[in-house]
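Before I ask anything, here is the structure I am working with.
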Amino acid sequence: MNISQDAEMRRGSDSDPARRASPRTGRVNVTLHRFSTHPTPGDLTWNDLGTLWGLLRAESLVDVFFHDGIIRDIKAFAACAADPAVWFYAAKRDGEFIGIGIINNFSSSGNTAYAHLASFSGGRDGSFAEAGRLWFRLLRDGGGIDTLIAVLPGCYRGARRWSESFGFVERMRLPGALRLIRDSGIRVTDAVVYQLNLNSEE
């Protein structure tokens with residue numbers, strides 16, 4: 001995930017639609033929480049970031065989620081969450097973390113951004129999917145975003161199917177455009193570009 005932004009394409013965290021709330025779904029006990037360097041009640045804390053990083057490591061998701069190798073430790077992870085050009089969220093079910101979502105690389109108009117999602121094992125019963133639907137509505141109705149873009153490695157078939165289950169549609173394939181960084185070496189794979197139209201979300 002590329003967390004560097006052009007200054008003219010940044011949207012500050014003050015625009016974050018979840019600044020003042022931890023939205024709750026009506027069907028399951030799922031809540032969304034955002035990270036802020038100036039937190040209000042219900043926001044994620046620095047300690048929460050440590051917990052989330054521990055879950056990413058424990059479930060072997062670091063190399064999968066941050067496949068470009070930019071984020072390899074808790075310091076870089078915390079810097080990503082604290083970046084004012086990033087909207088960083090986590091979802092909980094009954095108080096336990098079930099996944100994270102990151103929005104960055106906003107367009108100059110502010111209505112298009114890149115989305116990055118990761119589900120922990122506790123959210124694979126459908127609760128993180130419910131959180132995702134709530135999150136998409138929040139971004140559309142409170143954040144003014146109507147289009148999300150996701151770029152996935154072509155070899156991540158499971159992640160691609162999972163994204164498609166959220167409504168993302170494959171738009172483009174760029175052969176050999178991604179490098180997967182591992183301790184064991186570098187793997188070159190296709191970049192598959194997905195798009196989600198939030199105006200079609202109910």
Side-chain angles (χ1 to χ4, degrees), residues 1-6 9 11 32 52-53 55-72 76-77 80-81 83 85-91 97-107 111-140 143 145-201:
M1 183 187 66
N2 179 8
I3 63 171
S4 64
Q5 335 284 327
D6 184 272
M9 298 179 69
R11 288 183 59 162
L32 289 177
L52 291 167
W53 180 253
L55 286 168
L56 286 167
R57 285 176 51 85
E59 299 196 14
S60 301
L61 291 174
V62 174
D63 284 346
V64 176
F65 193 47
F66 303 110
H67 52 75
D68 56 9
I70 291 177
I71 296 178
R72 306 293 289 175
F77 181 66
C80 168
D83 188 329
V86 170
W87 293 355
F88 185 101
Y89 298 82
F97 288 115
I98 57 173
I100 61 177
I102 297 173
I103 295 290
N104 69 347
N105 290 332
F106 293 91
S107 66
N111 67 328
T112 299
Y114 280 66
H116 315 267
L117 301 169
S119 174
F120 301 131
S121 57
R124 294 172 192 157
D125 59 353
S127 54
F128 187 66
E130 174 69 11
R133 286 187 287 270
L134 173 66
W135 189 42
F136 296 151
R137 291 195 298 271
L138 180 70
L139 293 172
R140 179 193 64 193
I145 295 175
D146 57 37
T147 303
L148 292 176
I149 304 296
V151 180
L152 296 175
C155 60
Y156 284 9
R157 294 183 179 87
R160 289 167 52 205
R161 287 194 298 270
W162 187 65
S163 296
E164 290 165 0
S165 73
F166 276 102
F168 282 89
V169 177
E170 181 177 335
R171 296 301 188 193
M172 184 184 305
R173 179 181 289 263
L174 304 173
L178 283 183
R179 297 193 308 163
L180 308 184
I181 310 298
R182 301 287 185 270
D183 291 336
S184 58
I186 298 174
R187 177 181 178 183
V188 177
T189 187
D190 295 350
V192 184
V193 181
Y194 284 88
Q195 180 185 41
L196 176 64
N197 180 2
L198 295 184
N199 288 328
S200 66
E201 294 291 302

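Sequence positions, counted from 1, serve as the residue numbers for this chain. Just so we're clear, the structure is a prediction, and the values are computed from it rather than from any experiment.
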Any F65 side-chain heavy atom under 4.5 Å of I71 side chain
no
Would you call E164 and Y194 a side-chain contact if the rule is heavy atoms closer than 4.5 Å?
yes
What heavy-atom pair brings W135 and I102 nearest, and what distance separates the two atoms?
CH2-N, 3.7 Å
Approximate separation, where rounding is to 0.5 Å, of L61 CG and S119 OG
8.5 Å
Taking the side chain as everything from C-beta on, heavy atoms only, tell me whether L56 gets closer than 4.5 Å to I100.
yes
Shortest non-hydrogen separation from F128 to G99 and the atoms involved:
CE1-CA, 3.5 Å
Taking every non-hydrogen atom, the tightest pair across T189 and P153
CG2-CB, 3.8 Å
Quick check: do L52 and F120 have side-chain heavy atoms less than 4.5 Å from each other?
yes
Enter the distance from N197:CG to T112:OG1 here, rounded to the nearest 0.5 Å.
9.5 Å
Rounded to the nearest 0.5 Å, what separates atom CZ in F77 from atom CZ in F66?
5.5 Å
Compare all side-chain heavy atoms of I145 with those of N111 and state whether any distance is below 4.5 angstrom.
no
Taking all atoms of both residues into account, what is the closest heavy-atom pair of A91 and L32, and its distance?
CB-CD2, 3.9 Å
Neighbour count >12 (heavy atoms, 6.0 Å) for atom CZ, R160
yes
Go through the steps for W53 and V62 under the test side-chain contact (heavy atoms from CB on, under 4.5 Å), then give the verdict.
CA-CA 8 Å; W53 180 253; V62 174; 3.7 Å; yes
Determine the minimum heavy-atom distance between H116 and N104, stating which atoms define it.
NE2-OD1, 2.9 Å
So CG of L139 and OG1 of T147: to nearest 0.5 Å the spacing works out to 11.5 Å
Can you find a pair of side-chain heavy atoms, one from R187 and one from C155, that are under 4.5 Å apart?
yes
Please tabulate, one pair per line, all N/O donor-acceptor pairs under 3.5 Å involving side-chain atoms of residues 165-177, not counting sequence neighbours.
{"unit_1": "S165", "atom_1": "OG", "unit_2": "W162", "atom_2": "O", "d": "2.5"}
{"unit_1": "R171", "atom_1": "NE", "unit_2": "Q195", "atom_2": "OE1", "d": "2.8"}
{"unit_1": "R171", "atom_1": "NH2", "unit_2": "Q195", "atom_2": "OE1", "d": "3.4"}
{"unit_1": "R173", "atom_1": "NH1", "unit_2": "D190", "atom_2": "OD2", "d": "3.1"}

If you take all heavy atoms of G123 and I98, which pair is closest and at what distance?
CA-CB, 3.6 Å
Would you compute the distance between atom CD of E130 and atom CG of D125 and round it to the nearest 0.5 angstrom?
11.0 Å
Counting neighbours of CZ on R57 that are heavy atoms of other residues, nucleotides or ligands and sit closer than 6.0 Å, is the number greater than 12?
no
Counting neighbours of CZ on R72 that are heavy atoms of other residues, nucleotides or ligands and sit closer than 6.0 Å, is the number greater than 12?
yes
Under the criterion side-chain contact (heavy atoms from CB on, under 4.5 Å), I'd like the reasoning laid out for Y156 against L178: C-alpha separation, chi angles, the key distance, then a yes or no.
CA-CA 12 Å; Y156 284 9; L178 283 183; over 6 Å; no
